[in-house]
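In this chain, residues are counted from 1 in sequence order.
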Amino acid sequence: IIKKNNVKAIFVSEQLPDMDGYDFFYRIKKMNISIPVILIFEEHNEAMVSEAIKKGALDCVLRNTRSFYAYPFVLDRAIARYELETERAEREWLISESQKLWVAVIDGIRDYILITDNELKIFRANKALSEMFNKHPKDLIGLSLSGLFGDDTAKMLKEMSDDRISKTEEKIIGEQTYLISVFPFNYNDKDFNICVMKNISEMYRLKEQLYHSYKLASLGLLISGIAHEINNPITGIITYAELLKMKSKDEQITTGLQKMLNGAERCKHIIENLLIFSRQKSPSRTLESVNDIIDRAIELRSYWLRKNNIEIIRKYSEVPFTLIDPQQIQLVILNILLNAEHAIVDSGIEDGKVIFETLFNADKSKIMIKISDNGCGIPQNIISRIFDPFFTTKPIGTGTGLGLSIAHGIIAEHGGEIKVESKKDEGTTFIIELPYEKQSKGNVQIIT
């Protein structure tokens, strides 16, 4: 009856035929009915009134003639109190849910968000920041920034917030680059700062990689035309120099012609590298094992490796066959191996080592090749330029600066990535990632 009719309030006696007033409270709560209930007592009893209010009665009245005339006023008062309490409960629920939603939003952001006071102590922190330190967000409250990030970072954030103006700056913390925004605000007459730290290291790396790719593409078009124009006269020089050498009987002239041939052959080799570097066609791919390709590249340099007392260490995993251009990938391995040889020889190390490691990540469908040496390493001020065309640290006449540029282009053509990690006087590691492909573009399975 209560559910079907638009009942605004209920007067109920403390004693009913089949239940008492308290049982009535229990039943309407069980039925999830929310309505003001006024309990009628036969006689006034403070203890019973108190118990009724606890059980759910909004008000209590006595069953007598004098109190009967007050029932309309009691009803109005009960309805007004009920509506006021309902409105307040709804408002509190909305505030509570809003706070929960706000916390969920802040914790869902993967940037580091923290609130600090003027003493650089953490007032609040989001989940991303706490996970960085393997803590719960509550455990960070009260900790100092210098204790978490170090004195230099704390000093830097202090300088950003001193003038109480919103700022955004790029800062390097450790080996990572962050876009840091500081927003000052006042709460309960106290100054605080909201600090948002966004790690943009990967964005910078991708930006540099994209810039490098554009630069190589533009330079490749220019080089292709120049190389073809030079190749024809160089071929003529080599041909006629060899003919003259065959006909010459003068030893001095023969020696000069041989020097001319050596120089022309070197020019031709450079032009061939330029053409490889600039060519636009897709690689000719077959199903190959990267372990076998590495072995073939090592075999080509075996004599020089023995001569320079350089040990080759193989750490091969069971890497599946994948679709790659074997000649191109072998050229990449050779270029990196040559750099490793030179780095070891230049450092004067007697027990040089080059480590080849292969790995397969099935989850990411990637094949990884790591080539490490214990040579002289690459200075940090030039490490970002080593893939640039014609950049070389070798003396004039011993290097063209194209080896790593060609390697970078070949790996990019395969849809892969090549990176370098190095420390001066400690060695260098090149990391090559290639996508694992076992089918041709026509989706035809290749079986060996």
Report the distance from atom [atom1] of [X] to atom [atom2] of [Y], rounding to the nearest 0.5 Å.
{"X": "Glu357", "Y": "Ile371", "atom1": "CD", "atom2": "CD1", "result": "11.0 Å"}
{"X": "Ile180", "Y": "Ile173", "atom1": "CD1", "atom2": "CD1", "result": "4.0 Å"}
{"X": "Glu242", "Y": "Ile237", "atom1": "CD", "atom2": "CD1", "result": "12.5 Å"}
{"X": "Asp152", "Y": "Ile172", "atom1": "CG", "atom2": "CD1", "result": "12.5 Å"}
{"X": "Asp325", "Y": "Leu331", "atom1": "CG", "atom2": "CG", "result": "10.0 Å"}
{"X": "Glu433", "Y": "Leu359", "atom1": "CD", "atom2": "CG", "result": "10.0 Å"}

**OP:** May I ask you to decide if the ring planes of Tyr112 and Tyr178 are parallel, tilted or perpendicular, using 30° and 60° as cut-offs?
**Re:** tilted
If the threshold is 4.0 Å, N to carboxylate O, is there a salt bridge linking [X] and [Y]?
{"X": "Arg285", "Y": "Glu437", "value": "yes"}
{"X": "Glu131", "Y": "Arg110", "value": "yes"}
{"X": "Lys198", "Y": "Asp111", "value": "yes"}
{"X": "Asp151", "Y": "Lys155", "value": "no"}

**OP:** Identify the heavy atoms of Ser130 and Leu140 that sit nearest to each other, and give their distance.
**Re:** CA-CD1, 3.6 Å
Can you check whether [Y]'s main-chain N or O pairs, donor with acceptor, with [X]'s side chain at less than 3.5 Å?
{"X": "Asp107", "Y": "Lys127", "value": "yes"}
{"X": "Thr153", "Y": "Gly150", "value": "no"}
{"X": "Ser317", "Y": "Thr358", "value": "yes"}
{"X": "Asn308", "Y": "Trp304", "value": "yes"}
{"X": "Thr428", "Y": "Ala340", "value": "no"}
{"X": "His414", "Y": "Gly416", "value": "no"}
{"X": "Asn126", "Y": "Ile113", "value": "yes"}

Side chains of [X] and [Y], heavy atoms from C-beta outward: is any pair under 4.5 Å?
{"X": "Phe123", "Y": "Thr116", "value": "no"}
{"X": "Lys424", "Y": "Ile378", "value": "no"}
{"X": "Phe149", "Y": "Met197", "value": "yes"}
{"X": "Ile313", "Y": "Glu311", "value": "yes"}
{"X": "Val332", "Y": "Ile411", "value": "yes"}

Original post:
Can Leu257 and Met260 be said to form a side chain to side chain contact (heavy atoms under 4.5 Å, CB included), step by step?
Top reply: CA-CA 5 Å; Leu257 288 169; Met260 183 189 299; 4.3 Å; yes
Original post:
Do the two ring centres, one from Tyr316 and one from Phe356, sit under 6.0 Å apart?
Top reply: no
**OP:** Would you check if the distance from the ring center of Phe321 to the ring center of Tyr436 is below 6.0 Å?
**Re:** no
Original post:
Stepwise, does the salt bridge (Lys or Arg N to Asp or Glu O under 4.0 Å) test hold for Arg296 with Asp292?
Top reply: CA-CA 6 Å; Arg296 292 199 295 267; Asp292 293 341; 5.3 Å; no
**OP:** Verify side-chain hydrogen bond (donor to acceptor under 3.5 Å, both in side chains) between Asn291 and Arg314, making sure each step is shown before the conclusion.
**Re:** CA-CA 9 Å; Asn291 293 346; Arg314 295 173 174 86; over 6 Å; no
**OP:** For the residue pair Ser201 and Gln176, confirm or rule out a side-chain donor-acceptor distance under 3.5 Å.
**Re:** yes
